[in-house]
Amino acid sequence: MSACVPTRAAEPTRTERLDQPHTPPPPPHRRFRIAGADVSASVAVFLIALPLSLGIALATGAPLQAGLVAAAVGGIVAGWLGGAPLQVSGPAAGLTVVTADLIQRYGWRTTCAITVLAGLAQLGLGCLRVARNALAVSPAIVHGMLAGIGVTIAVAQLHIVLGGTPQSSVLDNLRALPAQLADLRPASVSVSVLTLALLLAWPRVPGRVGRLLRRIPAALVAVAGATAVASLAGLVLPKVDLPSWRSHALAGLPEGPALGLVAAVLTTTLVCSVQSLLGAVAVDKLVAGRPGLPARVGRSDLDRELLGQGAANIVSGSLGGLPVAGVAVRSSANVQAGAVSRNSTMLHGVLVVVAALLMVPILEFIPLASLAALVMAVGIQMVSLNHIRTVTRHREVLVYAVTTLGVVLLGVLEGVALGIAVAVAVALHRLTRTRITHEEREGVHHVHVRGQLTFLAVPRLSRALHLVPQGTHAVVELDGSFMDHAAYEALQDWQNTHTARGGSAELTGRRAGLRIGEPGFTDDLRDEDDATEPTARHTLDLALAGEPRQPGQTGQTGGSALAGCRCRPWTPWRNHQCELPRSEPPHDDTTDDAPNASGAPGTRTTPGSPGASGSPGASGQAGGPEPSGHELARGISAFQRHTAPLVRGELARLAREGQRPSQLFLTCADSRLVTSMITSSGPGDLFVVRNVGNLVPPPGQESGDDSVAAAIEYAVDVLKVRSITVCGHSGCGAMQALLNSDPGGARTPLKRWLSLCIRAALPDQRGPAVGAPARP
């Protein structure tokens with residue numbers, strides 16, 4: 001039982017405002033302010049959104065003004081109502097293929113109506129709070145969908161880059177490509193090549209000048225540069241044509257077959273929702289990388305984000321705009337530009353409105369070939385090599401490839417459906433691929449089950465178990481993380497029958513009997529068909545066995561029962577020894593029966609052996625097995641595999657920023673006190689001082705020890721901790737040694753340490769001083 005008594009460190013006197021009695025406090029004066037960082041970030045996002053919105057509208061075949069409407073509505077409406085404050089919404093490249101297909105099938109006014117209906121569906125999903133469920137879609141399917149859309153965009157825009165007109169499908173565009181290459185338009189090709197060259201070269205400008213120039217978005221520089229060159233050279237090219245807003249087409253009543261319209265609404269809702277929610281999660285990761293920003297912005301509310309996207313699609317469709325979704329390029333630019341609130345997103349939408357009303361003459365100078373080259377580059381970037389490496393590492397290339405080909409050849413909804421079907425088939429294949437083997441070694445029968453144990457594997461499991469003769473010792477090794485009810489009952493029935501007939505059976509969660517460095521030992525014991533978390537196996541072992549492992553049950557000669565122990569941090573354990581038998585200590589004459597620093601009775605050890613009485617770090621568990629170098633090495637290896645990848649980023653941040661703990665924690669060196677566990681704290685939260693008995697020697701003593709006082713002074717004066725916590729515990733051996741101190745005898749290091757506080761704690765040797773605790 002630990003007892004922690006926080007004591008507040010001295011704080012400077014605060015001047016408090018005293019109000020007159022019976023007078024309500026004045027209401028806080030609120031003033032709407034926009035931070036300078038939000039203003040600069042909104043300008044950067046606006047400069048990226050303007051050419052991309054026109055380019056995406058061009059790629060879909062919609063009126064060019066529809067892209068500006070969607071950008072303005074996405075910034076203002078979704079930015080105001082959405083749950084991801086720093087995510088920027090607008091016309092997205094991921095919606096290009098869907099929108100282009102809808103326009104060709106149903107016309108522009110019906111497409112706007114479908115956008116409105118999709119927004120209503122998003123509102124319904126947001127009210128049902130199912131946003132988190134949308135993230136259950138396999139990342140391989142999402143990446144494959146985006147890759148397929150990117151390929152479709154790139155192939156279609158290639159025709160405009162070459163001076164032609166794109167066809168309705170990818171296959172038609174590929175068939176028409178040879179004829180298009182034979183009929184090149186030099187002016188269009190030159191403007192497109194210049195756009196792509198500026199787009200690629202601008203972020204790579206070296207030196208200090210490059211750092212300054214890179215603040216201007218590459219997309220804006222590419223389009224502006226190509227426009228300027230085309231105008232100065234007098235090239236005759238198709239250019240942006242923005243008709244009067246008076247003739248802008250708004251949404252109309254949907255016309256077409258009911259099933260087709262329902263499928264269109266579902267497709268638009270799916271793509272808009274999944275892309276927006278995944279974008280919100282990605283923005284959270286970007287925000288987490290900026291010091292101080294997560295506390296100010298907070299994590300995204302995905303259900304609210306879905307509601308905001310639905311409202312934006314309703315408004316955009318009603319005003320004749322493209323479908324709206326969260327856009328990764330603009331969102332990352334918003335975070336990197338230093339945005340601190342949703343004001344940057346909303347202000348960027350206002351700037352788009354201003355540009356759409358006042359900059360029409362300037363926008364009409366932009367060549368269509370330059371916008372097509374920009375959108376083609378965006379489509380190529382959607383086929384991410386990093387995503388391909390990720391799905392390859394997780395053995396989901398088949399799902400990725402099928403989804404990509406399905407989107408390219410059949411359509412977005414059909415491709416996603418194929419991807420889901422393949423993902424389910426792969427999961428079932430992994431679930432049913434269970435390998436069961438039986439072998440006899442040294443008179444012990446081993447049944448090894450590798451993979452998930454379901455009812456489908458019960459017949460093979462029964463055949464393997466029936467190969468074990470009656471009256472023999474058997475070990476069933478389960479290398480899987482899941483077992484259903486049918487398999488559990490089959491194992492239990494066989495175990496009960498085998499035991500009743502004079503045999504013995506052991507159920508384990510991992511292979512035992514191998515030491516580190518021996519042949520056959522693998523640190524992880526996993527292969528490509530067995531990606532099971534070791535912690536789950538250990539829990540499965542405890543759940544199946546039902547009782548501690550007994551001596552001699554490993555079934556392998558030369559093996560160690562301790563080698564089968566695979567305890568992990570933050571799992572149920574008992575001294576991290578998995579209830580292994582206590583070995584009798586060797587009898588020798590080197591004995592110290594005095595209590596050690598943690599209150600454990602004396603143990604018989606050889607000189608210099610671990611766990612010698614009175615040595616620092618003595619075990620806090622009486623009579624438990626002593627730790628060895630093998631267990632420490634295995635624990636370090638487990639930490640490097642499982643825990644280190646989770647905390648490496650946070651520890652790197654603490655290393656960069658320095659430690660800023662809020663608490664000084666003074667406690668005993670007893671091994672049973674786990675400070676981070678009992679305080680639910682993490683790295684960087686506590687400045688811990690541990691010594692034998694959490695003692696603070698009084699200053700001014702001859703041959704005293706100032707190490708604890710120095711640590712306290714450093715924590716208070718240098719680290720500026722706000723409070724000091726002294727933690728004690730019951731059964732402290734140091735306190736018992738202090739109360740029962742004998743003035744005579746040899747002056748051991750422990751006695752010299754305790755003598756620093758004997759006079760202060762017990763001024764009268766005949767009894768405790770006033771205020772001394774009656775119970776240590």
Side-chain angles (χ1 to χ4, degrees), residues 34-35 37-38 41-42 44-45 48-49 70-71 73-95 118-119 121-139 141-143 145-146 269-316 323-349 646 649-650 653:
I34 299 179
D38 285 334
S42 66
V45 175
I48 297 175
V73 171
I76 298 174
V77 178
W80 178 35
L81 300 177
L86 300 188
Q87 176 165 253
V88 181
S89 301
L95 295 166
Q122 286 180 302
L123 288 181
L125 295 176
C127 293
L128 294 175
R129 307 185 68 83
V130 297
R132 286 286 175 186
N133 297 331
L135 301 180
V137 180
S138 171
I141 297 175
V142 177
H143 298 330
M145 178 189 72
L146 295 178
T269 304
L270 172 67
V271 178
C272 289
S273 302
V274 172
Q275 183 166 345
S276 299
L277 295 176
L278 293 177
V281 175
V283 169
D284 284 343
K285 296 179 180 179
L286 294 176
V287 170
R290 286 180 52 186
L293 188 60
R296 181 170 182 177
V297 176
R299 293 184 62 84
S300 298
D301 185 345
L302 297 184
D303 292 308
R304 179 180 173 181
E305 178 65 17
L306 202 55
L307 293 173
Q309 295 293 334
N313 275 312
I314 293 175
V315 176
S316 179
V324 172
V327 188
V329 176
R330 277 164 262 182
S331 300
S332 60
N334 190 37
V335 176
Q336 294 171 0
V340 295
S341 70
R342 62 178 71 244
N343 292 332
S344 63
T345 303
M346 298 170 62
L347 187 57
H348 124 269
L646 303 178
E650 177 66 13
R653 183 187 67 81

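What you see is a predicted model; the values in this text were computed from it and never measured.
Between Leu81 and Ala311, the shortest heavy-atom contact is CD1-CB, 3.8 Å. Contact record, Val324 with Cys272: O-SG, 3.6 Å, taken as the closest heavy-atom pair. Scanning all heavy atoms of the two residues, the minimum distance from Trp80 to Arg304 falls at O-NH2, 3.5 Å. Summarising the geometry of Ala131 relative to Leu277, their closest heavy-atom pair is O-CD1, 3.4 Å, with the distance given to 0.1 Å. Here the closest heavy-atom approach between residue Gln122 and residue Ser273 is recorded as NE2-OG, 3.2 Å. When all heavy atoms are compared, the tightest approach of Leu95 to Ala325 is CD1-CB, 3.8 Å.
Of the possible donor and acceptor atoms, none in the side chain of Asp284 sits under 3.5 Å from a partner among the backbone N and O of Arg299. Although no hydrogens or angles enter the test, the distance criterion places a donor-acceptor pair under 3.5 Å between the side chain of Asn313 and the main chain of Gln309. Side-chain N or O atoms of Arg342 include one that pairs as donor or acceptor with a backbone N or O of Gly79 at under 3.5 Å. Checking side-chain atoms of Arg330 against main-chain N and O of Ser89 turns up no donor-acceptor pair under 3.5 Å. Checked by atom type and distance alone, the side chain of Asn334 never pairs as donor or acceptor with a backbone atom of Gln87 at under 3.5 Å.
Under 3.5 Å, the side chains of Ser276 and Glu305 contain no donor-acceptor pair of N or O atoms.
Distance check, rounded to the nearest 0.5 Å: CD1 of Ile314 to CG of Leu123 gives 4.0 Å. Here Leu86 contributes atom CG and Asn343 contributes atom CG; the two are 10.5 Å apart, rounded to the nearest 0.5 Å. How far CG of Asp38 is from CE of Met346: 10.5 Å, rounded to the nearest 0.5 Å. With rounding to the nearest 0.5 Å, the separation of OG in Ser316 from CD1 in Ile76 is 11.5 Å.
By the salt bridge (Lys or Arg N to Asp or Glu O under 4.0 Å) test, Asp301 pairs with no residue at all, sequence neighbours left out.
Other residues, nucleotides and ligands contribute only 12 or fewer heavy atoms inside 6.0 Å of the CZ atom of Arg129.
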* To do: Determine, stepwise, if the pair Val287 / Val283 fulfils side-chain contact (heavy atoms from CB on, under 4.5 Å).
  => CA-CA 6 Å; Val287 170; Val283 169; 4.1 Å; yes
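For the pair Val327 and Val88, the minimum side-chain heavy-atom distance is 4.5 Å or more.
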